[in-house]
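So the structure is just underneath, and the comments pick up after that.
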Amino acid sequence: MSQPALTVTAPGQAAARRRRLLEIAGAAAIAATYIFLVLTQPADIANGPASFSALVALGGFLLGAVLLIVAVLPVLPTSTVVLIPVALVLNVVLGQLMGSTGLPFYIDAIGTVLIAVLAGPAAGAATGALSSIVWSFFNPTVLPFAAGAALIGFLAGMAARGGLFRRFYFAPVAGFFTGILAGVVSAPIAAFVFGGTSGLGTGAIVGAFRAMGDTLLAAITKQALISDPMDKAIVFTIAALLAYALPRRTTFQFPFVRRYRVLAGKAPAAPDA
Amino acid sequence: MTSRLHPFTALTAAASAAVVTTAAAYWPLSVAAALAAVFLAVRRGVAGRVLPAAAVILTPLCLSLLVLHGLFFPEGQTVLAQWGPARVTAEGLGFALELGTRTTACVLVFLLFSFTVSVPDLVSALAGSRIPPQFGFVLASTLTLLPAVAVRLDQIRRAQETRGMVVGRGLLSRLGTLRLQMVPLVLALIDDAGSRAQALDARGFGSPGPRTSYREVADPPAQRRFRAVALVLAAAAVAGRIVASWPAGAPS
């Protein structure tokens, strides 16, 4: 119980304030980029690919993700830093395992959400952004979605802090709303950087909205609003199931879980073995 | 030749190529960049790994682009064919071509980087830079953890099969077997991470201050100059694109 939660106290007040500023700047960069893209979206994409919007989307979102990482990573305790690679591996491996069940979802954030539940919003955001960056070693198309992944981790951590994982049926609800926000933020990337979605199923949905005369951004946003909330509701449910399936000795060793009483049930009798 | 290139030089070259291709938005340039990446991959002997990896990523994306913009492009004027709501337009096909080649070029360039870079070199280069040292750890740890987890998962599957786990046809049965494999895997990984954290902390991982690396990565001045030139070129390409197509109604 004596360990500090989430972050170790920074050596000086100035350093802490600088980190805080970096976090705020990162979040502001992501929000400003999104607003700018929606306000200035090219009215007529027939004039050529939205190269300007693609550059703004890439630059703004990546800058935001990098600022968040630089602000959060150095103050995470070692026990959380070593979990980040685990989360990334889980994202990949569990995503593949889920794919083997034949369900039509790209469940690729289980690890991020699980770490956010165990270690808090800051760790979740860093995990999400880092996951995208490291995963882009194998699939570069993941890189531009780093900001969306950071948002998912952050919101999952906030949901855990707010106690939404204490009741089992709240987890999918939290996932649903996270999916709405994450889908909306990621839509400009899909629209302007890639010009569509990877996958024929989602492509067909976008095509249907396009056939009704929507702009590309509107069509992809609507498609994201159909797929993402469902996807994230499933991811949050699996993460909650995993968190409860783990022995209590393991989950309650995380200061965040103990401090905010993230999971239902009492702490084991002797937490510091 | 592999060891001559500083990891940051390769990364800067890849990123600059991607940025210039995106800013130019000119499909012959994208095709040229993609072909150059393929040529370099063949010369470095990694084409056998880069091309399949790229195909897995790019095939669904390009097919999706072709179907989406080839059939539904309400902004298109030149109609080539029409079936009900679906219209094949020249503009739509052109748009799909532009974006498809652009993404292909970027993916190939970055994959060429990640399949040719030496991870130990990259990690020690990261340790010597101003990037938080934890980043290098996360990168290296993930890259070594991935194959280990595949082995582990196989062991778990076999262990559960000896205890009578059978993969059935129904969704519920499949989800059940999934649970039998996921929970031990996650538990083992989190448990491992806990002991690794203690070991790392005992070696001063969490303490602030600069890191020293036993591995020296040579960074010749010529490569520094090349990086500066590549960055200036990329910045110029971005600036040119912004000046050329600053949206009229944008808040400036």
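Numbers restart at 1 for each chain; the letters A, B, ... are given by sequence-line order, proteins then strands.
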Pick one of side chain, backbone, both or neither for B:V117, based on which atoms fall under 4.5 Å of a heavy atom in chain A.
side chain

May I have all residue pairs that pass ring-ring contact (aromatic ring centres under 6.0 Å, His included) and include part of residues 135-157 of chain B, sequence neighbours excluded?
B:F137-B:F205

Part of A:L114 within contact of chain B (heavy atom distance under 4.5 Å)
side chain

Heavy-atom nearest pair, B:V183 first then A:A245, reads CG2-CB, 3.8 Å

Is it true that a side-chain atom of B:H69 and a backbone atom of A:G207 form a donor plus acceptor pair closer than 3.5 Å?
no

Rounded to the nearest 0.5 Å, what's the gap from CZ on A:R249 to CG on B:D191? Could you check?
6.0 Å

Tabulate, in ascending numerical order, the residues of residues 144-154 of chain B having at least one heavy atom closer than 4.5 Å to a heavy atom of chain A, or enter 'none'.
B:L145, B:L146, B:V149, B:L153

Which atoms of B:L111 come close to chain A, meaning under 4.5 Å heavy atom to heavy atom: side chain ones, backbone ones, both, or neither?
both

Under 4.5 Å from a heavy atom of chain B, the part of A:Y244 involved:
neither

With a 4.5 angstrom heavy-atom cut-off, is it the side chain or the backbone of B:L185 that approaches chain A, or both, or neither?
side chain

Please state whether the side chain, the backbone, both or neither of B:L122 comes within less than 4.5 Å of a heavy atom of chain A.
side chain

Minimum heavy-atom separation for A:P140 to B:I57, with atom names?
CD-CD1, 3.9 Å

Less than 4.5 Å to any heavy atom of chain A: does that hold for the side chain of B:Q181, its backbone, both, or neither?
side chain

Toward chain A, the part of B:I131 with a non-hydrogen atom under 4.5 Å
neither

In Å and rounded to the nearest 0.5 Å, what is the CD1 to CG distance from B:I190 to A:L118?
5.5 Å

If you measure from CZ on B:R179 to CG on A:L242, what distance do you get to the nearest 0.5 Å?
9.5 Å

For A:F192 and B:L99, the nearest pair of non-hydrogen atoms, with its separation, is O-CD2, 4.3 Å

Please state whether the side chain, the backbone, both or neither of A:F209 comes within less than 4.5 Å of a heavy atom of chain B.
neither

Please classify the contact between B:S141 and chain A as side chain, backbone, both or neither, with a heavy-atom cut-off of under 4.5 Å.
both

To the nearest 0.5 angstrom, please state how far the CG atom of B:D201 sits from the OG1 atom of A:T78.
3.5 Å

Measuring from B:Q134:CD to A:I69:CD1, what's the distance to the nearest 0.5 Å?
11.5 Å

Could you look at A:L73 and say if it's the side chain, the backbone, both or neither that has a heavy atom under 4.5 Å from chain B?
both

Nearest heavy-atom neighbours spanning B:R241 and A:L55
CG-CD1, 3.6 Å

Okay, B:L189 and chain A: the region with an atom under 4.5 Å from a heavy atom over there is both

Can you tell me if B:R102 uses its side chain to pair, donor with acceptor, with the backbone of A:V193 under 3.5 Å?
yes

